[in-house]
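Order of the sequence lines fixes the chain letters, A, B, ..., with proteins taken first and strands second; residue numbering starts at 1 for each chain.
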There are 2 protein chains.
Amino acid sequence: MIAFTEQAITGADKTFFQLRSDIVEGEIKAGSKLSEMELSTKYGVSRAVVREAINRLESCHLVERKPNIGARVVALTLEGLIQLYQVRESLEGMAARLAAKNMTDTEIEDLKVLLNSHFQEVKGSQTYYQEAGDVDFHYRIIVGSKNDHLISMLVNGLYHLIRMYRVQLGMAGPRVSTAFEEHKNIVQAISNRDEELAEMLMRRHILYSKQNIEARLR
Amino acid sequence: MIAFTEQAITGADKTFFQLRSDIVEGEIKAGSKLSEMELSTKYGVSRAVVREAINRLESCHLVERKPNIGARVVALTLEGLIQLYQVRESLEGMAARLAAKNMTDTEIEDLKVLLNSHFQEVKGSQTYYQEAGDVDFHYRIIVGSKNDHLISMLVNGLYHLIRMYRVQLGMAGPRVSTAFEEHKNIVQAISNRDEELAEMLMRRHILYSKQNIEARLR
DNA sequence: GGTGGATAGATTGTCGACAATATAGTTATT
DNA sequence: AATAACTATATTGTCGACAATCTATCCACC
């Protein structure tokens with residue numbers, strides 16, 4: 001026996017991951033059409049696996065499919081981004097609430113360690129924090145909720161969409177120092193097992209991000 | 001030109017709808033295995049369309065699929081139901097908030113009419129209200145949010161799962177008269193354009209339902 | 001010249017067959 | 001008798017071809 005959960009990787013999986021990456025990173029342009037035959041030859045697999053990959057992309061809301069017509073990569077609009085952040089505020093707020101209830105003491109301790117390591121990096125390069133660090137922070141809280149539906153919706157669904165916006169609309173931006181303070185307060189609330197406050201702070205944190213983006217993009 | 005949005009119905013669509021219905025209504029038992037070949041002969045279509053239908057069921061979280069092994073209908077557990085209601089509380093709370101902001105005056109007026117017609121029916125048979133009426137009420141508010149992601153997640157995703165629990169665990173139960181009062185207050189908050197209160201009342205309404213179910217099932 | 005319909009090309013939907021993998025049953029070995 | 005390896009069977013993953021549908025072009029007609 002080698003690994004504990006030995007999940008087989010199928011060809012459709014690989015094609016799905018590749019396509020998702022290409023779309024999120026903008027290799028395949030937003031709003032463009034996805035031709036099954038074209039992608040089939042491009043990735044060297046049959047149309048069937050491309051179709052399955054596209055179906056999964058549709059589940060992630062990364063493409064829209066119409067019968068007998070085909071699939072298009074979603075268009076990026078300010079309105080769409082705002083709606084995305086509304087859903088995110090709602091779900092991650094609940095995630096923070098549940099994390100305050102369900103995370104183990106050691107998980108919370110690890111979260112504090114992560115936060116400290118971020119603090120060290122904020123002083124140096126700000127980019128790293130914004131890119132990977134922020135995602136990692138939110139990810140841990142989402143997983144800490146221990147709610148499978150929540151985790152699936154956010155990790156498999158919304159996050160790739162949000163990253164797509166972030167990459168293609170070039171939403172790097174500062175907001176680093178203030179965001180760090182907000183993260184610190186959220187962790188404190190979780191550590192105190194204050195569900196109400198953890199949810200409220202997380203919602204505000206995401207709301208601020210949304211308002212920051214809105215102001216920047218119009 | 002006949003209709004405005006003339007969506008073509010493909011064979012995979014029909015198979016998907018049929019399968020979803022069979023699963024939600026318990027025709028196909030929870031936790032049972034879905035054999036592609038078996039379903040293929042049963043519904044008289046090729047394995048390819050069955051596979052596509054199963055993939056979509058997986059997107060709805062109605063089945064779980066493992067590579068090279070197959071798909072099983074999800075198991076119904078109290079823990080799973082609770083997690084579902086936590087997500088629902090979060091999302092429908094946001095839906096009520098957005099509905100208070102985005103519903104038109106006429107839509108709100110229609111909602112009041114619906115509520116009144118429910119009131120008439122509560123006095124007679126209680127079953128109708130609980131079954132269709134309650135769903136209709138929540139549906140209108142969800143759509144009233146005007147947030148496509150929210151609508152899709154709730155209507156295409158969570159609601160069928162919740163209905164599956166409701167049908168198969170036999171969660172009919174009263175709670176009719178009190179629920180009606182809660183509905184009335186939610187509509188009033190929406191009518192007053194009080195986003196904060198609308199969200200809070202909707203969350204409480206769903207939280208009460210959850211607690212009611214928990215108490216009943218253990 | 002503009003509009004409507006027919007035709008040709010291309011794209012998606014569906015199918016049956018083959019390949020790869022998992023499962024169950026059997027045999028051989030310790 | 002228990003375990004391990006092997007074989008046979010069944011199920012899923014993948015493929016190429018055919019059918020149904022959409023799109024664009026061209027022609028007839030007003």
Side-chain angles (χ1 to χ4, degrees), chain A residues 1-20 22-23 28-75, chain B residues 1-20 22-23 28-75:
Chain A
M1 185 190 301
I2 307 293
F4 204 83
T5 53
E6 204 166 349
Q7 272 287 39
I9 302 287
T10 176
D13 287 324
K14 282 186 278 191
T15 308
F16 167 64
F17 294 139
Q18 182 69 50
L19 260 176
R20 186 176 64 182
D22 286 353
I23 289 174
I28 299 176
K29 272 176 281 191
S32 65
K33 187 169 188 310
L34 293 179
S35 164
E36 294 181 0
M37 210 167 48
E38 185 182 326
L39 296 172
S40 168
T41 59
K42 177 178 177 182
Y43 293 123
V45 289
S46 92
R47 258 187 64 216
V49 321
V50 171
R51 276 178 70 84
E52 177 158 343
I54 290 178
N55 278 332
R56 288 199 229 169
L57 291 172
E58 190 187 17
S59 308
C60 304
H61 299 271
L62 282 168
V63 312
E64 285 170 354
R65 180 166 220 161
K66 287 181 182 175
N68 294 315
I69 292 180
R72 305 193 79 87
V73 180
V74 293
Chain B
M1 185 191 301
I2 307 293
F4 204 83
T5 53
E6 203 168 347
Q7 271 288 36
I9 302 288
T10 175
D13 287 324
K14 282 187 277 193
T15 307
F16 167 64
F17 293 139
Q18 182 69 50
L19 261 175
R20 187 176 66 183
D22 286 353
I23 290 174
I28 299 176
K29 272 176 281 191
S32 64
K33 187 172 189 309
L34 292 179
S35 164
E36 295 181 0
M37 211 167 47
E38 185 182 326
L39 295 171
S40 168
T41 59
K42 178 178 175 183
Y43 294 124
V45 290
S46 93
R47 260 187 62 217
V49 321
V50 172
R51 278 179 68 84
E52 178 158 343
I54 290 179
N55 278 332
R56 287 200 231 171
L57 291 172
E58 191 187 16
S59 309
C60 306
H61 299 271
L62 282 169
V63 312
E64 285 170 355
R65 180 166 219 164
K66 287 180 182 173
N68 294 315
I69 293 179
R72 305 193 79 87
V73 180
V74 294

Would you name the heavy atoms of Ile54(A) and Ala71(A) that are closest together and state the gap between them?
CG2-CB, 3.7 Å
Euclidean distance, atom [atom1] of residue [X] to atom [atom2] of [N] [Å, nearest integer]:
X        : N       : atom1 : atom2 : value
Met37(B) : dA10(D) : CE    : P     : 8 Å
Ile9(B)  : dA20(D) : CD1   : C1'   : 16 Å
Ile69(B) : dA10(D) : CD1   : P     : 19 Å
Arg65(A) : dC22(D) : CZ    : P     : 15 Å
Glu58(B) : dT12(D) : CD    : C1'   : 14 Å
Arg51(B) : dT11(D) : CZ    : P     : 14 Å
Lys66(B) : dT11(D) : NZ    : P     : 18 Å

Take Ile9(B) and Lys14(B) through the test side chain to side chain contact (heavy atoms under 4.5 Å, CB included) and record every step on the way to the result.
CA-CA 7 Å; Ile9(B) 302 288; Lys14(B) 282 187 277 193; 3.9 Å; yes
Give me the first and last nucleotide of DNA chain C, going 5' to 3', that has any atom under 4.0 Å from a heavy atom of chain A.
dT11(C) to dT14(C)
Mind checking Ile54(B) for me? I need base, sugar-phosphate or nothing, with any heavy atom below 4.0 Å counting as a touch.
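No contact.
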Checking all strands, does Leu34(A) fall into the base, sugar-phosphate, or nothing category for heavy-atom contacts under 4.0 angstrom?
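Sugar-phosphate, backbone atoms only, no base.
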CA sep, side-chain torsions, deciding dist, call: Val73(A), Leu34(A), side chain to side chain contact (heavy atoms under 4.5 Å, CB included)
CA-CA 7 Å; Val73(A) 180; Leu34(A) 293 179; 4.2 Å; yes
Check this for me: does any side-chain nitrogen of one of Glu52(B) and Arg51(A) sit under 4.0 Å from a carboxylate oxygen of the other?
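Yes, charged N to carboxylate O under 4.0 Å.
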Lys33(A) NZ: over 12 foreign heavy atoms closer than 6.0 Å:
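Check passes, neighbour count above 12.
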On DNA chain D, nearest-nucleotide positions of Ala71(B) versus Gly44(A): which is more 5'?
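Residue closer to the 5' terminus by nearest nucleotide: Ala71(B).
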Can you list everything that forms a side chain to side chain donor-acceptor pair (under 3.5 Å) with Glu64(B)? Sequence neighbours excluded, please.
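Here no residue qualifies.
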